[in-house]
2 protein chains.
Amino acid sequence: MPHTLDKIDTQLLAILQKNSNRTTKSIAEELGMSTSPIFERIKKLEKEGYIEKYVAVLNNKKIGLKLTVFIGITLQGHTRSYLEKFVKEINNFPEVIECHRVSGNFDYLLKLVVEDIEAYETFIISKLTLLPYLGNVQSLIALSTSKETNEIDLSRVL
Amino acid sequence: MPHTLDKIDTQLLAILQKNSNRTTKSIAEELGMSTSPIFERIKKLEKEGYIEKYVAVLNNKKIGLKLTVFIGITLQGHTRSYLEKFVKEINNFPEVIECHRVSGNFDYLLKLVVEDIEAYETFIISKLTLLPYLGNVQSLIALSTSKETNEIDLSRVL
DNA sequence: TTTAAATAAAGAATATTATCCTTTTTATAG
DNA sequence: CTATAAAAAGGATAATATTCTTTATTTAAA
């Protein structure tokens with residue numbers, strides 16, 4: 001049964017979203033509790049699926065991936081089997097970190113992280129445009145990014 | 001001085017990107033080393049900024065945020081001071097998790113995570129369209145998402 | 001080659017933490 | 001009020017992170 005989140009749970013999620021390496025002790029102190037209930041609540045949040053995983057966030061630029069690009073795509077044919085194949089291919093490209101089927105002026109929106117403009121062009125020419133039934137393709141190249149986070153503001157949810 | 005990453009460093013980043021809660025012991029075993037060099041390498045990767053932070057990834061749907069939307073925006077006026085104000089306002093909206101200045105058919109591309117269509121409309125009507133000098137606004141609503149990750153494929157970098 | 005210096009790994013010791021268990025408190029329903 | 005269930009506290013223990021010292025490996029100079 002889906003257990004509802006109380007204020008402490010929400011605070012825990014907010015804290016762990018920012019920094020998942022905090023010790024239960026330090027969190028317990030911040031919330032004015034002892035470590036055991038904090039520990040147990042976190043385990044429950046994990047088990048019930050509110051927390052999916054814990055990951056290290058890397059600095060893409062430092063790793064040599066300096067360019068983010070969004071690509072809107074329309075397809076010419078829309079058979080189900082083709083769509084599935086298309087998505088499968090797209091998802092296998094390591095440059096693609098997001099692939100959304102969308103409504104609006106495109107069928108798909110991709111988010112890519114690549115080394116530079118050259119790598120972007122290589123992707124377009126030697127990967128994307130090789131896919132059949134490709135219609136309109138429109139790229140938006142990120143010139144600068146003022147916000148980019150996974151962190152969800154929980155104050156509006158609970 | 002910028003230290004280059006060797007194969008072990010790359011493997012460490014790949015591992016921690018997937019799961020940052022692995023113990024150094026378990027990683028050491030996987031890589032056939034003892035714990036101390038693993039520990040020290042991770043600390044170095046943190047200190048040198050390859051690893052920015054460790055975070056918990058939440059299940060947005062479970063939290064009640066079921067809709068992802070991308071919004072392309074063009075502005076009518078482009079004075080520097082206005083752009084700055086615009087970006088500042090946009091970034092303060094909790095719905096907005098990404099804001100990119102882009103080249104192409106739009107000036108800005110936003111990524112939003114909201115409860116549902118209603119919350120999306122509320123955002124448009126009572127937040128976005130209140131900003132002055134707004135030109136064209138085009139939304140792409142995610143119908144389904146086949147890939148959405150932060151995980152970078154490191155095999156192509158080093 | 002040989003040797004010295006620097007770098008990385010191994011191994012062991014210690015301090016912290018996570019984790020578990022029991023007791024106490026708090027909240028709730030009858 | 002009392003009985004029951006749920007949550008928190010507190011303490012004990014096992015596991016882990018972290019530090020330090022020693023050993024091995026690599027690198028560069030002689």
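Not measured: the values here are computed from a predicted model.
- A/D107 approaches A/L75 most closely through the heavy-atom pair OD2-N, 2.8 Å.
- The pair A/K44-A/E40 does not meet the salt-bridge criterion, since no charged nitrogen lies less than 4.0 angstrom from a carboxylate oxygen.
- Using cut-offs of 30° and 60° on the angle between ring planes, the pair B/Y82 and B/Y133 is perpendicular.
- Here the P atom of nucleotide C/dT28 and the CG atom of A/D6 are 12 Å apart, to the nearest Å.
- B/K66 and B/E115 are not joined by a salt bridge, as no carboxylate oxygen comes within less than 4.0 angstrom of a charged side-chain nitrogen.
- Atom-to-atom, CZ of B/F39 to C1' of C/dA15 comes out at 12 Å; the value is rounded to the nearest Å.
- The nearest whole Å value for the distance from the CD1 atom in A/I42 to the C1' atom in C/dT17 is 12 Å.
- Distance, B/L12 CG to C/dA8 C1': 14 Å, rounded to whole Å.
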Report each atom pair, protein N/O against N/O of nucleotides 9-14 of chain D, whose distance is under 3.5 angstrom.
| unit_1 | atom_1 | unit_2 | atom_2 | d |
| --- | --- | --- | --- | --- |
| D/dA9 | OP2 | A/S34 | N | 2.7 |
| D/dA9 | OP2 | A/S34 | OG | 2.8 |
| D/dA9 | O5' | A/S34 | OG | 3.4 |
| D/dA9 | N7 | A/S36 | OG | 3.3 |
| D/dG10 | N7 | A/S36 | OG | 3.3 |
| D/dG10 | O6 | A/S36 | OG | 2.8 |

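- In this structure, A/T24 does not reach the C/dT17 phosphate: none of its side-chain N or O atoms is under 4.0 Å from OP1 or OP2.
- Taking atom CG of A/D9 as the reference point, atom P of D/dA6 lies 16 Å away to the nearest angstrom.
- Taking atom CG of residue A/N21 and atom C1' of nucleotide D/dA17, one finds them 11 Å apart after rounding to whole Å.
- Between A/K111 and B/E148, no side-chain nitrogen of the basic residue sits less than 4.0 Å from a carboxylate oxygen of the acidic one, so the salt-bridge criterion is not met.
- With 3.5 Å as the limit, one finds no donor-acceptor pair spanning the side chains of B/Y108 and B/T74.
- The distance from atom CG of A/L5 to atom C1' of D/dA7 is 16 Å, rounded to the nearest whole Å.
- Each end of the helix from C/dT1-D/dA30 to C/dG30-D/dC1 gets its own rotation axis from five pairs of C1' atoms, and the angle between them is 30° to the nearest 10 degrees.
- With sequence neighbours excluded, no residue satisfies ring-ring contact (aromatic ring centres under 6.0 Å, His included) with A/Y54.
- With respect to B/K62 and A/E48, no salt bridge is recorded, no charged nitrogen being found less than 4.0 Å from a carboxylate O.
- Under the 3.5 Å distance criterion, with hydrogens and angles disregarded, no donor-acceptor pair is assigned to the side chains of B/Q17 and B/N150.
- In this structure, B/R41 atom CZ and D/dA17 atom P are separated by 17 Å, rounded to whole Å.
- Considering only side-chain N and O atoms, A/K25 lies nowhere under 4.0 angstrom from the phosphate OP1 or OP2 of C/dT16.
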